[in-house]
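Order of listing sets the numbers, starting from 1, for every ligand and every atom in it. Small disclaimer: the values here were computed from a predicted structure and weren't measured.
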Amino acid sequence: MPRTITIAGNWKMNKTATEAAELAKPIIQAVANQSEITVVVCPPYTALQTVGGLIANSSVRLGAQNMSDKASGAYTGEISASMLRDLHVTHVILGHSERRAYYGETDEIVNKKTIAALENSLKPILCVGETLAEREASKTFDVIRTQLVGGFKGISAEQAENVIIAYEPVWAIGTGKTATPAMAQEVHAYIRKELTSLYGDTVAQKIRILYGGSMKPDNADALLSETDIDGGLIGGAALTAKDFLALVESGKAASLKKA
Ligand code: 13P
């Protein structure tokens, strides 16, 4: 069975709840109830309830951008998995490079959050990716392997099928520099190989691996046509309905080709 293409928008720290509703409305109207691909929008926490209310009867899924690994208690400023579930959140981005770089998230923390998400039936979108310095020092595969092994520690094969991986080369995020389709495919194939070592071929073939890093309407078709690229995690281009919807169309076209 081919892997369902996922097009996910990471709105990062953009959009008030009011602005988020304005962005979500045309997306919902256009995407409506299609079932060919999975479309996810990840607004900031403060807009989850508003956007969640708007997408309630559509096929668009709601994602958060981060989550605590703790269930509840004295953790000021944190948000738990059950709080997200209560707002009908289905996906959660974990270990984004911005959280690793600016908020000190280590593989160990990302792993704990991934386990907490899975235990609460949320689908983690686990981000991995190398910096420019690491790529230039030929360390890309080592970095990715460490992030994968650390991120999946203690996660069973059955649980692993529910994890979505996002390969986001740090040097391509928000820079306009995209990995070429061949460069991205090379790393995606490597990720699948590592997943095969961890969980065997059947499970590895089921896990979706998204590409993120300056994905735009004009480069999406080429990226999504690669064998191991199963969708996109989109930042900048997810902030306008027109571009995001063009990416949804690219996802549908890729889905037809890969069927
Ligand atoms: P850009 O699409 O803006 O490069 O961001 C990618 C990203 O970080 C998605 O999580």
[X]/[Y] ion pair, N-O < 4.0 Å:
| X | Y | result |
| --- | --- | --- |
| Glu130 | Lys139 | no |
| Lys15 | Glu22 | no |
| Arg100 | Asp107 | yes |

Has Glu226 got a side-chain atom pairing as donor or acceptor with Leu223's backbone, closer than 3.5 angstrom? no

Over 60° means perpendicular and under 30° means parallel, so tell me whether Tyr190 and Phe141 are parallel, tilted or perpendicular. parallel

Sub-4.0 Å atoms of ligand 1 with respect to non-hydrogen atoms of [X]:
| X | value |
| --- | --- |
| Gly174 | 1 (P), 3 (O), 4 (O) |
| Glu168 | 6 (C), 7 (C), 8 (O), 9 (C), 10 (O) |
| Ala172 | 4 (O) |
| Gly236 | 1 (P), 2 (O), 3 (O) |
| Gly213 | 4 (O), 6 (C) |

Mind checking whether Asn10 contacts ligand 1 via backbone (N, CA, C, O), side chain (CB onward), both or neither, at a 4.0 Å heavy-atom cut-off?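 Within the 4.0 Å criterion, Asn10 contacts ligand 1 through side-chain atoms alone.
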
Mind listing the side-chain donor-acceptor pairs of residues 227-237 below 3.5 Å, one per line with the distance, residues two or more places apart or on another chain?
residue	atom	partner	partner atom	Å
Asp228	OD1	Arg192	NE	2.6
Asp228	OD1	Arg192	NH2	3.4
Asp228	OD2	Gln185	NE2	2.8
Asp230	OD1	Arg3	NE	2.9
Asp230	OD1	Arg3	NH2	3.3
Asp230	OD2	Arg3	NE	3.0
Asp230	OD2	Arg192	NH2	2.9
Asp230	OD2	Ile209	N	2.9

Can you tell which of Ser214, Gly176, Pro169, Cys42 gets a heavy atom nearest to atom 1 (P) of ligand 1?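 It is Ser214 whose heavy atom sits nearest to atom 1 (P) of ligand 1.
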
Which protein non-hydrogen atom lies closest to atom 5 (O) of ligand 1, naming both residue and atom, and how far is it?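 So the nearest neighbour among protein heavy atoms is Lys12 NZ, 3.3 Å.
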
To the nearest 0.5 Å, atom CG of Asn120 lies from atom OG of Ser82 at 6.5 Å

Just distances here: any N/O of Gly235 and N/O of ligand 1 closer than 3.5 Å?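 Such a contact does occur with ligand 1.
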
